There are 2 protein chains.
Amino acid sequence: MDKKILFNKCITLLTSVHRVTHELTQNAKSESITPVQYKILEYITVSQPVTPSDISDCQHMSMSNTSRELKKLSEKNLIKKISDTEDRRKQYICLSKDGEALMNEAFAKVELRFLDRIRNASKEDLQEIDRSLDILQTKLFY
Amino acid sequence: MDKKILFNKCITLLTSVHRVTHELTQNAKSESITPVQYKILEYITVSQPVTPSDISDCQHMSMSNTSRELKKLSEKNLIKKISDTEDRRKQYICLSKDGEALMNEAFAKVELRFLDRIRNASKEDLQEIDRSLDILQTKLFY
DNA sequence: TCATTTACTTATCAAATGATAAGTAAAAGG
DNA sequence: CCTTTTACTTATCATTTGATAAGTAAATGA
């Protein structure tokens, strides 16, 4: 196995994944939030509850900027902050009802587009895709 | 095959791909260019020669902003503009020597990190990864 | 030939983002 | 206790990015 060829193949896939991600998600987010805020909400959605520090680490932004964006999301009533009872410096961030509604709507659009993308795939194709997702998830994108 | 489960699995992979892309590329780009300028150079690298319109379409930015960024990249001597001899409104954009050097350096860093990521993979693992990349490229991220 | 379209440029403005510094309050550790 | 560290906040500023409008020059097409 030539690792150089594998590298190029991987780069090609990365490029395609980013293009398809854009196709699946374009205009999915509400216009009332910025791209950064959407990414934060997306992260909260799949990982809640999370602390501001978690967000700062995973979204690669400074604590000060994270704090600012969370404040804005709070003002838009999209998230809830819950103080840790043990360590009162810590906070747990969750989606509010409004935040959940907003993200459900976005995810529904993305899912529709995903289903459209695989609508012509045969049963065998779907099984191959499923297996490939598992392999890449565990062996390459761990 | 439950398409809903497949969708969730796919979203998980997308998230992982974006995270790993960040890990592979962080600090790979020169500090003398902005993220948007790096994305443009990356696109030119794999697709050259390209027109400003191509860049505008593929990078999802307006022609005016594309033009501005290309001007900055020109001023930094990272790209060359070549006029089309047939249609003199058109331009073809290529990397300059400096641009090539800059991108080679960036890609070399990314490749090293990629090789490190798969250094513990067995021969069989690599073959499975290779095959999975092919399948997803053709059947999902086409 | 002359209006229209295409490809790209320039200028300008607002908004989003990144970076830094200084601060608060609570916990941890000697 | 008291110093240090941690978790987070607030304020400020520069830069980047997005969006819009007006323009040039060449090609297209009736």
Side-chain angles (χ1 to χ4, degrees), chain A residues 18 22 25-44 47-76 78-94 102, chain B residues 18 22 25-44 47-76 78-94 102:
Chain A
H18 286 266
H22 183 269
T25 58
Q26 70 179 327
N27 311 323
K29 80 163 182 61
S30 156
E31 286 184 8
S32 62
I33 54 174
T34 69
V36 168
Q37 286 166 9
Y38 179 78
K39 291 303 287 179
I40 291 174
L41 287 182
E42 207 176 54
Y43 174 64
I44 298 173
S47 310
Q48 63 186 335
V50 295
T51 65
S53 301
D54 293 335
I55 296 170
S56 172
D57 290 346
C58 294
Q59 301 297 306
H60 317 105
M61 54 197 300
S62 67
M63 266 303 290
S64 52
N65 289 336
T66 303
S67 185
R68 173 182 58 195
E69 297 309 322
L70 289 177
K71 192 181 175 192
K72 289 181 183 170
L73 288 171
S74 264
E75 285 165 355
K76 291 174 184 176
L78 297 172
I79 60 170
K80 287 180 296 189
K81 297 183 179 183
I82 300 158
S83 297
D84 188 319
T85 47
E86 309 243 304
D87 183 342
R88 293 195 298 158
R89 290 170 307 177
K90 283 189 188 168
Q91 296 180 1
Y92 292 105
I93 314 286
C94 292
L102 186 141
Chain B
H18 286 265
H22 183 266
T25 58
Q26 72 180 328
N27 311 324
K29 79 163 185 63
S30 155
E31 286 183 8
S32 61
I33 55 174
T34 69
V36 169
Q37 286 166 9
Y38 180 77
K39 291 304 285 180
I40 291 174
L41 288 181
E42 207 175 55
Y43 174 64
I44 298 172
S47 309
Q48 63 185 336
V50 295
T51 65
S53 301
D54 293 335
I55 296 170
S56 172
D57 290 346
C58 295
Q59 302 298 304
H60 315 106
M61 55 197 300
S62 66
M63 267 301 291
S64 52
N65 289 337
T66 303
S67 185
R68 172 181 60 195
E69 297 311 321
L70 289 177
K71 190 181 175 192
K72 288 181 184 170
L73 288 171
S74 264
E75 285 165 354
K76 290 174 182 176
L78 297 172
I79 59 170
K80 287 181 297 190
K81 297 182 178 181
I82 300 160
S83 297
D84 188 320
T85 47
E86 310 240 307
D87 183 341
R88 293 193 300 161
R89 289 170 308 178
K90 284 189 187 165
Q91 295 179 0
Y92 292 105
I93 313 286
C94 292
L102 186 141

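A quick note: this is a predicted structure, and the numbers were derived from the prediction, not measured. Sequence lines set the chain letters: A, B, ... in the order given, protein chains first and strands last, and positions in each chain run from 1.
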Nearest-nucleotide pick for [X], side chain only, options being [options]:
X	options	value
B/T51	D/dC8, C/dC8, C/dT9	C/dC8
B/R88	D/dA26, D/dG18, C/dT9	D/dA26
B/P35	D/dT10, C/dC8, D/dT17	D/dT17

So, is [X] near the phosphate of [N], with a side-chain N or O under 4.0 Å from OP1 or OP2?
X	N	result
B/K72	D/dT15	no
B/R89	D/dA27	no
B/K39	D/dT17	no

So what does [X] touch, heavy atoms closer than 4.0 Å: a base, only the sugar-phosphate, or nothing?
X	result
B/Q91	sugar-phosphate
B/Q59	nothing
B/S64	base
B/T34	sugar-phosphate

Using atom types as modelled and distance alone, determine if a side-chain donor or acceptor of [X] lies under 3.5 Å from a backbone N or O of [Y].
X	Y	answer
A/K76	A/S32	yes
B/D54	B/T51	yes
A/T25	A/A28	no

Find the distance [X]:[atom1] to [N]:[atom2] and express it as a whole number of Å.
X	N	atom1	atom2	value
A/E86	C/dA28	CD	C1'	15 Å
B/Y38	D/dT15	OH	C1'	21 Å
A/R68	C/dT17	CZ	P	8 Å
B/N65	C/dA15	CG	P	16 Å
A/I93	D/dA7	CD1	P	14 Å
A/K81	D/dA7	NZ	C1'	12 Å
B/D54	C/dA7	CG	P	10 Å
B/D84	D/dT28	CG	P	11 Å

Result for 5'-nearest mapping on DNA chain C, choosing between A/V36 and A/S62, is A/V36
Note: for A/Q37 and B/D87 on DNA chain C, the residue whose nearest nucleotide lies more 5' is B/D87
Rounded to the nearest 0.5 Å, the CD1 atom of A/I40 sits from the CD1 atom of A/I93 at a distance of 10.0 Å
Strictly below 4.0 Å, N to O, side chains only: are A/K72 and A/E75 in salt-bridge contact?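 Result for this pair is no, no salt bridge flagged.
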